[in-house]
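The structure appears below as structure tokens.
These numbers come from the heavy atoms of this one structure, side chains and all, not from hydrogens, waters or symmetry mates. Computed from a predicted model, the values in this text were never measured in an experiment.
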Amino acid sequence: MSIISWIVLGLLAGAIAKVLLPGRDPGGFIGTTVIGIAGAFLGGWLSARFLGRPVENQFFDLATWGAAIAGSFVLLVAYRLLFGNSRD
């Protein structure tokens, strides 16, 4: 997949992770979007590196989507733990 595909996947994965973990984020919409993109890259890399599941060249591969959503979810939880709810 191209970088543009990963960015689009990250945007969608970040939105799905946000639905799974509702509440206010310290970074707002922009922060959540960046976390989603970073999570997609991280999830894809971890999946290929440690789980023996290389990232497919197809955009609609279920394992790629699962890795991207999981990466986004983990980064969103870590971000909330590190920075708390600073938007009170």
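Every residue two or more places apart in sequence or in another chain that forms a side-chain hydrogen bond (donor to acceptor under 3.5 Å, both in side chains) with T32 is listed here: D25.
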Tabulate below the donor-acceptor pairs under 3.5 Å that side-chain atoms of residues 69-77 make, not counting sequence neighbours, or state none.
unit_1 : atom_1 : unit_2 : atom_2 : d
S72    : OG     : G36    : O      : 3.1
S72    : OG     : A68    : O      : 3.0

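A continuous path of hydrophobic side-chain contacts links L42 to L81 [ILVMFWY only; heavy atoms under 4.5 Å].
Going from atom CD1 of I7 over to atom CD1 of I4 covers 5.0 Å, rounded to the nearest 0.5 Å. Interatomic distance, OG1 of T33 versus CG of L11, reported as 6.0 Å (0.5 Å rounding).
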